[in-house]
Amino acid sequence: QVQVVESGGGLVQAGGSLRLSCTASGLTFDDYAMGWFRQAPGKEREGVSCISWSGGSTYYADSVKGRFTISRDNAKNTLYLQMNSLKPEDTAMYYCAAAVPLSITRWDDTGSYNYWGQGTQVTVSS
C-alpha cells in the first residue's frame, strides 16, 4: 500500500522560512517524479514545484522562483521543499504527490500524479 506523508508545516511570520518534508512508502521512490502543490481556501490546487526521479531537473511556478527550492534524497525516500522569504500569499495547504511517468509539460497538472499525501498547513502571518 502506497503512503505519502507530508510534515513541516506551521505558522511563520512574513519573511521567514520553513522546510517541508514528504516521505513515501510502498513504492519504488526513485522511479517517480515528485511534486509539491498547494491549495488556499476557495482556490484551485496549484503546482508549486516538481523534481525528476534523479533530482537532475527541477521546475517551479513563477510565484515561487528564487524563494523555494525542491530537493530529494532517494536513499531516504524523502522529498523536501525549502521555503524562504515567505509571503502571506503563500498560506495554503501543501501537498506532496508522486508521478510515473510524468510529462514535463504537464508537471503542474494535478491529473498527472498517481499518489497524494494528506497535506500540511502553512500559514504566513503579515
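Listed by chain and number, the residues in a side chain to side chain donor-acceptor pair (under 3.5 Å) with E89 amount to none (sequence neighbours excluded). By the ring-ring contact (aromatic ring centres under 6.0 Å, His included) test, Y95 pairs with no residue at all, sequence neighbours left out.
No donor-acceptor distance shorter than 3.5 angstrom exists from the side chain of S52 to the backbone of A33, with no hydrogens or angles considered.
Shortest non-hydrogen contact noted between L81 and V48 is CD2-CG1, 4.2 Å. Nearest heavy-atom pair across A92 and A40 is CB-N, 3.9 Å.
Cluster partners of W53 are absent, since no Ile, Leu, Val, Met, Phe, Trp or Tyr has side-chain heavy atoms less than 4.5 Å from it.
With rounding to the nearest 0.5 Å, the separation of OG1 in T58 from CZ in R72 is 12.0 Å. Annotation: the span from R67 atom CZ to Q82 atom CD amounts to 12.0 Å, rounded to 0.5 Å. The CE atom of M34 sits 12.0 Å away from atom OH of Y80, with the distance rounded to the nearest 0.5 Å. Separating the CD1 atom in I70 from the OH atom in Y59 is a distance of 11.0 Å, to the nearest 0.5 Å.
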Test F37 against W116 for ring-ring contact (aromatic ring centres under 6.0 Å, His included), laying out the working first. CA-CA 10 Å; F37 286 74; W116 291 83; 5.0 Å; yes
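Side-chain contact between M83 and V122 is present, with at least one heavy-atom pair separated by less than 4.5 Å. Two residues are said to be in side-chain contact when any heavy atoms from C-beta on lie closer than 4.5 Å; F68 and L86 meet this criterion. Annotation: side chain of R38 is in contact with side chain of V64 (closest heavy-atom distance under 4.5 Å).
Looking at K87 and D90, no side-chain N of the basic residue comes within less than 4.0 Å of a carboxylate O on the acidic one, giving no salt bridge.
Among L79, N74, N77, L27, the one residue that satisfies the side-chain contact (heavy atoms from CB on, under 4.5 Å) test with Y32 is L27.
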Listed pairs under 3.5 Å, donor-acceptor, residues 4-24 side chains, sequence neighbours left out:
{"residue": "E6", "atom": "OE1", "partner": "Q118", "partner atom": "N", "Å": "3.1"}
{"residue": "E6", "atom": "OE1", "partner": "G119", "partner atom": "N", "Å": "2.8"}
{"residue": "E6", "atom": "OE2", "partner": "C96", "partner atom": "N", "Å": "2.8"}
{"residue": "E6", "atom": "OE2", "partner": "G119", "partner atom": "N", "Å": "3.3"}
{"residue": "S17", "atom": "OG", "partner": "N84", "partner atom": "OD1", "Å": "2.9"}

Only distances under 3.5 Å count here; give the side-chain donor-acceptor pairs of residues 97-108 to other protein atoms, sequence neighbours excluded, each with its distance to 0.1 Å.
{"residue": "S103", "atom": "OG", "partner": "T105", "partner atom": "OG1", "Å": "2.9"}
{"residue": "R106", "atom": "NE", "partner": "D109", "partner atom": "OD2", "Å": "3.3"}
{"residue": "R106", "atom": "NH2", "partner": "D109", "partner atom": "OD2", "Å": "2.9"}

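Among residues at least two apart or in separate chains, there is no disulfide bond (SG atoms under 2.5 Å apart) pair with a member in residues 23-84.
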